[in-house]
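Along the sequence shown, residues are numbered consecutively beginning with 1.
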Amino acid sequence: DGTSGGTVLVKDIRPGASTSSPLDLTEVNGTLFFRANDGTNGYELWKSDGTSGGTVLVKDIRPGASSSTPRYLTEVNGTLFFSADTGIGNGGLFKLGPVLFGTSGDDTITVKVNNGFDVNINGRSYYYPAGELSIVGSGGQDSIVVTGTSADEVLFADPNTFDFSGSDFRITGSEVEFLTVRGNGGDDVATLLDSLGNERVVAKVSNTFVRDLATTFTQRVVDFGDVTLMSSGAATGFDLANLFDSVGMDTFTGNSTDASMVGPGYRVSTEGYDRNVARSTSGGLDVAILNGTSESNENFTARVTNNPSNNFGIVRNGPGAPLAFLNRAIGFSSVRANSGGGNDKGFLFGGADDDNFQGTSTLAQLEGPGYQFTASNFNRVNTTVTQGGNDTATLIDGVGNDRLNGSGNVATLKGSSNSFTHATRGFENVIGNARNGGTDQLDLAIDIAFNFFELGTWEVK
């Protein structure tokens, strides 16, 4: 600062009595670049933000103890040009940038794409011409907000780096802990890759973020129409994605390895998340489709609650499954579960109003005011109503020899060789419909607590 007290050593680049010989000092947008020798890498390109921690080697252009000897450092519109010798031939012209380096501390950086790049770092503003811009956090906990254009753009981000581009620009970043990218219009696509830790995702229409439980990083995208969230896995625990609907008609699809929420003008999908929770909170006749696997046995549970917004359906696989997963849909008008094979079971619970159940050899469907639960190709489905109403269950035979038993408030229809089972509990009315052939047997105990209606031809045991 021009005073004796303010004149201090920033960093001893080459500790000891030898000199590092900093030369060709050139400033580029608040960062000082120069040539220096640390005694290990020879004379190479260094940079400094005025602190010891922020004074570092940029790149060992000629690896090893030999020097590339950067010279003639010149700044042109935010790009650093210089000559250097790689050891192959006679060297040549190099460029660095435009590169925006943060400090060794916490930085707040904003970038707006506007026929170039309007940049503000820690209160200081810069302008970079159109083309490419690189941002390096350089230490601390750095927060970056990038605003795109009204055109189509693509973002790829992981916990350490990001790459955001359009038809006439590209922004890359590294050592960035907290990233927010605003699409600002157009058909924007984002892919967010998490870490090996435990992550939590909140995906709302036009606002999606992923962060780890240790809060070491956060990635957020705003106004993107298509977002893919990719899990890197978790050594312990699990990764959880919360997916929210729009005000229109939305569809949630949950599979063992991926899931998606799709509505008017948007799509959010996950890959590799252990648990996906979809929430219908904004209205619309939303549908959830929960798919099982052929590799393991799954359970489907669906329940009506006193608050329709808390009605839910869950598909999860059992202990010992090769790939653990759970998909849960909350507040959906319709929840459909599909068995992919295996010994899958369904558990359906009705509400306080009039519920109607229909069970066939391949389908079980329970519905009432404002909801519908469907289980397709499950081996066994247990359906229970206990909250009142005038409830009716219709049990339809298969093409083989079926058997319908009744005792107390329980009615059970079993297909030939136990190919399927429907067990209903608590229904006031039960209809047995033998319409598909075979020799069907009817066995009702004298104590049945429901009204039974016989359709078709049954052999009474």
Side-chain angles (χ1 to χ4, degrees), residues 7-107 109 111 116-117 119 121-122 124-140 142 144 160-163 169-177:
T7 303
V8 297
L9 176 67
V10 174
K11 183 173 183 176
D12 189 0
I13 295 174
R14 189 174 183 177
S18 299
T19 178
S20 62
S21 302
L23 297 169
D24 262 352
L25 279 68
T26 301
E27 186 265 345
V28 181
N29 290 329
T31 298
L32 184 67
F33 293 89
F34 57 93
R35 176 176 73 249
N37 186 346
D38 62 0
T40 300
N41 299 294
Y43 283 97
E44 297 293 348
L45 183 66
W46 284 68
K47 71 177 183 73
S48 178
D49 63 1
T51 69
S52 177
T55 303
V56 295
L57 175 70
V58 175
K59 184 175 182 179
D60 189 3
I61 297 173
R62 186 173 181 177
S66 299
S67 301
S68 68
T69 315
R71 291 173 292 178
Y72 312 119
L73 276 65
T74 304
E75 184 267 343
V76 179
N77 291 329
T79 297
L80 179 67
F81 292 90
F82 58 95
S83 69
D85 183 1
T86 63
I88 302 175
N90 295 316
L93 180 66
F94 286 75
K95 71 173 183 176
L96 179 68
V99 180
L100 176 65
F101 289 95
T103 70
S104 58
D106 299 344
D107 299 309
I109 303 171
V111 180
F117 308 106
V119 178
I121 175 169
N122 301 330
R124 296 182 63 182
S125 297
Y126 305 95
Y127 174 78
Y128 294 84
E132 295 190 10
L133 173 66
S134 294
I135 301 171
V136 181
S138 302
D142 300 322
I144 295 183
N160 298 303
T161 65
F162 73 90
D163 190 322
F169 77 91
R170 182 183 182 191
I171 304 173
T172 59
S174 61
E175 301 178 45
V176 176
E177 286 73 30

Original post:
Which heavy-atom pair separates Ala36 from Pro22 by the least distance, and what is that distance?
Top reply: CB-CA, 4.4 Å

**OP:** Walk me through it: do Val176 and Ile109 pass the test side chain to side chain contact (heavy atoms under 4.5 Å, CB included)?
**Re:** CA-CA 10 Å; Val176 176; Ile109 303 171; over 6 Å; no

**OP:** Provide the closest heavy-atom pair for Glu27 versus Leu32 in the form atom of the first, atom of the second, distance.
**Re:** N-CD1, 4.1 Å

**OP:** For atom NZ of Lys11, decide whether the heavy atoms of other residues, nucleotides or ligands shown that lie under 6.0 angstrom number more than 12.
**Re:** yes

Original post:
Heavy atoms, side chains only, cut-off 4.5 Å: are Ile171 and Phe162 in contact?
Top reply: yes

Original post:
Looking at CG of Asp60 and OG1 of Thr40, how far apart are the two atoms once the value is rounded to the nearest 0.5 Å?
Top reply: 9.5 Å

Original post:
Considering only heavy atoms from C-beta outward, does the side chain of Leu45 approach that of Leu80 to under 4.5 Å?
Top reply: yes

**OP:** Sort out for me which residue in Phe82, Tyr72, Phe81 forms a ring-ring contact (aromatic ring centres under 6.0 Å, His included) with Phe94.
**Re:** Phe82

**OP:** Say whether, by atom type as modelled, one donor and one acceptor occur between the side chain of Ser67 and the main chain of Thr69 under 3.5 angstrom.
**Re:** no

**OP:** Looking only at non-hydrogen atoms, find the nearest pair between Arg62 and Thr86 and report the distance.
**Re:** CG-O, 3.5 Å

**OP:** Quickly, which of Val58, Thr55, Leu23 forms a side-chain contact (heavy atoms from CB on, under 4.5 Å) with Phe34? Name it, please.
**Re:** Thr55

**OP:** Could you tell me whether the side chain of Ser68 and the main chain of Ile61 form a donor-acceptor pair under 3.5 Å?
**Re:** no

**OP:** Identify whether the distance between the nearest side-chain nitrogen and carboxylate oxygen of Asp24 and Arg71 falls below 4.0 Å.
**Re:** no

**OP:** Please name the pair of heavy atoms, one in Asp142 and one in Glu177, separated by the smallest distance, quoted to 0.1 Å.
**Re:** N-OE1, 2.8 Å

Subject >> Exercise: identify the closest heavy-atom pair between Thr19 and Ser21 >> reply: OG1-N, 3.1 Å

Subject >> Minimum heavy-atom distance Asp107-Gly137, with the two atoms named >> reply: OD2-O, 3.4 Å

Original post:
For Ser134 and Thr172, does a side-chain donor sit closer than 3.5 Å to a side-chain acceptor?
Top reply: yes

Subject >> From CZ (Phe117) to CD1 (Ile135), nearest 0.5 Å >> reply: 9.0 Å

